[in-house]
Amino acid sequence: MIEIANDEFRTLRDLIRSRFGIYFDDSKEFLLRSRLQGRLVKSRTQSFAEYCEYLDHAPGREAEWDDLASLLSNNETYFFRERAQLEVLAGPVLDAALKARRPLRIWSAACSSGEEPYSLAMKLLESGRVGPDSISILASDLSPRALERARVGFYRELAFRATPPELIHKYFRPFEGGFFIEEPVKSMVRFVRLNLLDARAVARVGTQDAIFCRNVLIYFDKPTQLALGERLARTLAPGGALFLGHAESLMRAAGTLEAIVTKSTIYYRQADHAPRD
């Protein structure tokens, strides 16, 4: 294994943090070094110092950054994860959209390989209260590989560990040891690549009734978490809901967000008359 000097680690860490917001503290030196051993071979660099130079100046650096995005992103997910949050979506969030007589706008802000946004679509269809023409789902991720998998829509058994069998039968088509998601659900989701650190890209997402940004903040340092929380808050419609992972909190972030605590989950609700940019 190629060794990494302290200054090389800090330089590489800062490059990754600047590009993606993902932060590796000093305790993660071995993790980062072990994950990137193969990238040094692929880029034909002999040391981490050379690899940092490659990321900064080489003609092929953008393709390498794309590969890094896929390598450093945690794409562990499955269908119908966090059921309590899905119940809030199909309950209070949908109630507000129906009352306003407008389409429900949802953003899956770290969609990985697509299980989350497709689950949102199926949950809303199963509610029987809204049709596909009244639902707009945007799904974004940093990883090109994950997005390609999501667009293909093919999944194996492990992805269905929380999915009722009747929904697999209803919304998926079996194929060679796995399942393709059926086109009516697939067509409800629009996939785009988006870096959450890019304030202009986030602003272009437009106003959303619900944002799912689960298990993303844990990879950022506190200043980046707060900045992203404020950015997401500005994207929420008045009364809109922000859903995070169970290990994440925005208690000290954007003052327009109110923490809503239910028996089974916590989410954040935008003030009904929050100021807009």
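Numbers here are sequence positions counted from 1.
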Going by heavy atoms in the side chains, are I137 and L104 under 4.5 Å from each other?
no
Is a donor on one side and an acceptor on the other found under 3.5 Å between the side chain of K186 and the backbone of V152?
yes
Run the side-chain hydrogen bond (donor to acceptor under 3.5 Å, both in side chains) test on E29 and S27 for me, step by step, so that the C-alpha distance in whole Å, both residues' side-chain angles and the decisive distance to 0.1 Å come before the verdict.
CA-CA 6 Å; E29 179 180 316; S27 68; over 6 Å; no
Using 0.5 Å steps for rounding, measure from the CD1 atom of I260 to the CZ atom of F243.
10.5 Å
I would like to know whether D221 and T224 meet side-chain hydrogen bond (donor to acceptor under 3.5 Å, both in side chains); could you show each step before the answer?
CA-CA 5 Å; D221 59 16; T224 306; 2.6 Å; yes
Mark yes or no for whether T45, through its side chain, and V41, through its backbone, hold a donor-acceptor pair below 3.5 Å.
no
Begin with the C-alpha distance, continue with both residues' side-chain angles, and end with the deciding distance and a verdict on side chain to side chain contact (heavy atoms under 4.5 Å, CB included) for L138 and I106.
CA-CA 6 Å; L138 174 69; I106 308 167; over 6 Å; no
Is Y54 reaching over with its side chain to a backbone N or O of E64, donor-acceptor style, under 3.5 angstrom?
no
Distance-only side-chain donor-acceptor flag, E126 / Y171, under 3.5 Å:
yes
Sidechain-backbone polar pair: S18 side chain, L15 backbone, donor-acceptor under 3.5 Å
no
Taking atom CZ of R161 as the centre, report whether more than 12 heavy atoms of other residues, nucleotides or ligands fall under 6.0 Å from it.
yes
Determine whether L194 and Y219 fall in the same hydrophobic cluster, where Ile, Leu, Val, Met, Phe, Trp and Tyr are linked whenever their side-chain heavy atoms lie under 4.5 Å apart.
yes
Contact summary for L158 and Y78, nearest pair of heavy atoms
O-CB, 4.2 Å
Donor-acceptor pair, S136 side chain versus R105 backbone, under 3.5 Å?
no
What pair of heavy atoms forms the shortest contact from E8 to E3, and how long is it?
OE1-O, 4.1 Å
Check whether any side-chain heavy atom of S70 sits under 4.5 Å from a side-chain heavy atom of P144, and report yes or no.
yes
Decide if the gap between the ring center of F220 and the ring center of F24 is smaller than 6.0 angstrom.
no
Closest heavy-atom pair and its distance - R156, G178:
NH1-N, 4.1 Å
Please confirm whether the backbone N or O of T235 pairs with a side-chain atom of Q208, one donor and one acceptor, at under 3.5 Å?
no
Strictly distance-based, threshold 3.5 Å: is any side-chain N or O of R129 a donor or acceptor partner for the main-chain N or O of L98?
no
Whether D209 and R102 form a salt bridge (side-chain N of Lys/Arg under 4.0 Å from carboxylate O of Asp/Glu) is what I want to check.
yes
For Q85, give me all partners under side-chain hydrogen bond (donor to acceptor under 3.5 Å, both in side chains), at least two apart in sequence or on another chain.
R214
Pairing donors with acceptors under 3.5 angstrom, does anything connect the side chains of W107 and S140?
yes
Check for me, please, whether L31 and I218 land in the same ILVMFWY cluster - side-chain distances under 4.5 Å, paths through other members count.
yes
For T77 and E115, the nearest pair of non-hydrogen atoms, with its separation, is CG2-OE1, 3.1 Å
If we check salt bridge (Lys or Arg N to Asp or Glu O under 4.0 Å) with D67, which of these qualifies: R61, R145, R35?
R145
Are side-chain heavy atoms of V189 and R151 found at a separation under 4.5 Å?
no
Indicate yes or no: at least one non-hydrogen side-chain atom of L236 is less than 4.5 angstrom from one of T207.
no
Which residue pairs satisfy the ring-ring contact (aromatic ring centres under 6.0 Å, His included) criterion with at least one member in residues 121-160, sequence neighbours excluded?
F79-Y155, F79-F160, F154-F180, F160-F172, F160-F179
Looking only at side-chain N and O atoms, does S108 offer a donor or acceptor that is under 3.5 Å from a partner on E116?
yes
Distance (rounded to the nearest 0.5 Å) between L94 CG and L124 CG
6.0 Å
Inspect the surroundings of CD in E157 and state if more than 12 heavy atoms from other residues, nucleotides or ligands are less than 6.0 Å away.
no
If you round to the nearest 0.5 Å, how far is OG of S249 from CD of Q225?
9.0 Å
Starting from the C-alpha separation in whole Å, work towards a yes-or-no answer on side chain to side chain contact (heavy atoms under 4.5 Å, CB included) for L12 and L55.
CA-CA 9 Å; L12 181 57; L55 290 174; 3.8 Å; yes
Of the non-hydrogen atoms in D141 and S112, which two are nearest, and what is the gap between them?
OD1-N, 2.8 Å
Nearest-0.5 Å distance, CG of residue L72 to CG of residue L32:
7.0 Å
Judged by atom type as modelled, is there a donor-acceptor pair below 3.5 Å linking the side chain of E182 to the main-chain atoms of K170?
no
One should read off an interatomic distance between E248 CD and C213 SG, to the nearest 0.5 angstrom, of 7.0 Å
Would you say T256 and Q270 are linked by a side-chain donor-acceptor pair, where the criterion is simply a distance under 3.5 Å?
yes
If you look at every heavy atom in T262 and Y267, which pair is closest and at what distance?
CG2-CE2, 4.2 Å
Angle between ring planes, Y51 versus F48, binned at 30° and 60°: parallel, tilted or perpendicular?
perpendicular
Same cluster or not: are L244 and L257 linked, directly or through other Ile, Leu, Val, Met, Phe, Trp or Tyr residues, by side-chain heavy atoms under 4.5 angstrom apart?
yes
As a quick check of understanding, evaluate side chain to side chain contact (heavy atoms under 4.5 Å, CB included) for I22 and R13, giving each step before the final call.
CA-CA 9 Å; I22 301 172; R13 174 182 67 185; over 6 Å; no
From CD1 (I2) to OG (S34), nearest 0.5 Å
12.5 Å
Where do S119 and R81 land on the side chain to side chain contact (heavy atoms under 4.5 Å, CB included) test, with the steps shown first?
CA-CA 8 Å; S119 295; R81 191 176 186 179; over 6 Å; no
Is there a side-chain contact between N6 and F9, using heavy atoms and a 4.5 Å cut-off?
no
Would you say L197 and R19 make side-chain contact, with heavy atoms under 4.5 Å?
no
When clusters are formed by joining ILVMFWY residues with side-chain heavy atoms under 4.5 Å apart, either directly or through shared neighbours, do L142 and L147 land in the same one?
no
Between K123 and E87 (salt bridge meaning N to carboxylate O under 4.0 Å), is one present in this structure?
yes
V130 backbone acceptor or donor facing S134 side chain under 3.5 Å
no
Considering only heavy atoms from C-beta outward, does the side chain of T265 approach that of H246 to under 4.5 Å?
yes
With a cut-off of 6.0 Å (strictly less than), are more than 12 heavy atoms of other residues, nucleotides or ligands near CZ of R190?
no
Check whether F212 and V216 end up in the same hydrophobic cluster, where Ile, Leu, Val, Met, Phe, Trp and Tyr are linked by side-chain heavy atoms less than 4.5 Å apart.
no
Is NZ or CZ of R17 both nearer than 6.0 Å to the six-membered ring centre of Y23 and within 45° of the ring axis?
yes
How far apart are the C-alpha atoms of R10 and D26, what are their side-chain angles, what is the distance that settles it, and do they pass the salt bridge (Lys or Arg N to Asp or Glu O under 4.0 Å) test?
CA-CA 8 Å; R10 287 190 289 269; D26 291 345; 5.9 Å; no
Heavy-atom distance under 4.5 Å between the side chains of P184 and L125, does that happen here?
no
